[in-house]
Amino acid sequence: MTLKHANDNRRASARGMTKEDAAIYCGCATTAALDVWIRKGIVPGAIPGTNRWDRKAIDLALDRVSNIVESAPAGSLLAEWKLKKSGGR
């Protein structure tokens with residue numbers, strides 16, 4: 001089933017999106033296509049314990065696979081700092 005683009009801009013701007021809205025946001029024609037992207041690691045799955053997709057997580061994932069983001073995410077920077085602080089052990 002092909003998805004119809006939402007006329008309501010609030011749906012596309014909501015941070016917690018339904019699977020259908022996430023598929024549309026990613027430019028996928030179907031939720032099955034979104035499932036393929038999730039299996040390939042292109043975009044993350046639903047927020048754990050929910051059936052909602054995080055718009056910002058999708059943006060970050062797409063930025064990474066598009067080589068838009070070159071630096072490590074904040075969590076990795078913390079891990080690097082801890083490693084340096086421990087002397088690399």
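Computation of the quantities below employed the complete heavy-atom set of this structure, encompassing side-chain atoms and omitting hydrogens, waters and symmetry-equivalent molecules.
Put simply, CD on Glu20 and CH2 on Trp53 are 8.0 Å apart, with the number rounded to the nearest 0.5 Å. Rounding to the nearest 0.5 Å places CZ of Arg55 at 6.0 Å from CG of Asp59.
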Side-chain donor/acceptor pairs under 3.5 Å, residues 34-42, sequence neighbours excluded:
from: Asp35; atom 1: OD1; to: Lys19; atom 2: NZ; distance (Å): 2.6
from: Asp35; atom 1: OD2; to: Lys19; atom 2: NZ; distance (Å): 3.2

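By the side-chain hydrogen bond (donor to acceptor under 3.5 Å, both in side chains) test, Arg52 pairs with no residue at all, sequence neighbours left out.
In the model, Asp63 has no side-chain atom that pairs as donor or acceptor with a side-chain atom of Ser66 under 3.5 Å.
The closest side-chain heavy-atom distance from Ile58 to Met17 is below 4.5 Å. Using a 4.5 Å cut-off on side-chain heavy atoms (C-beta onward), Cys26 and Val43 make contact.
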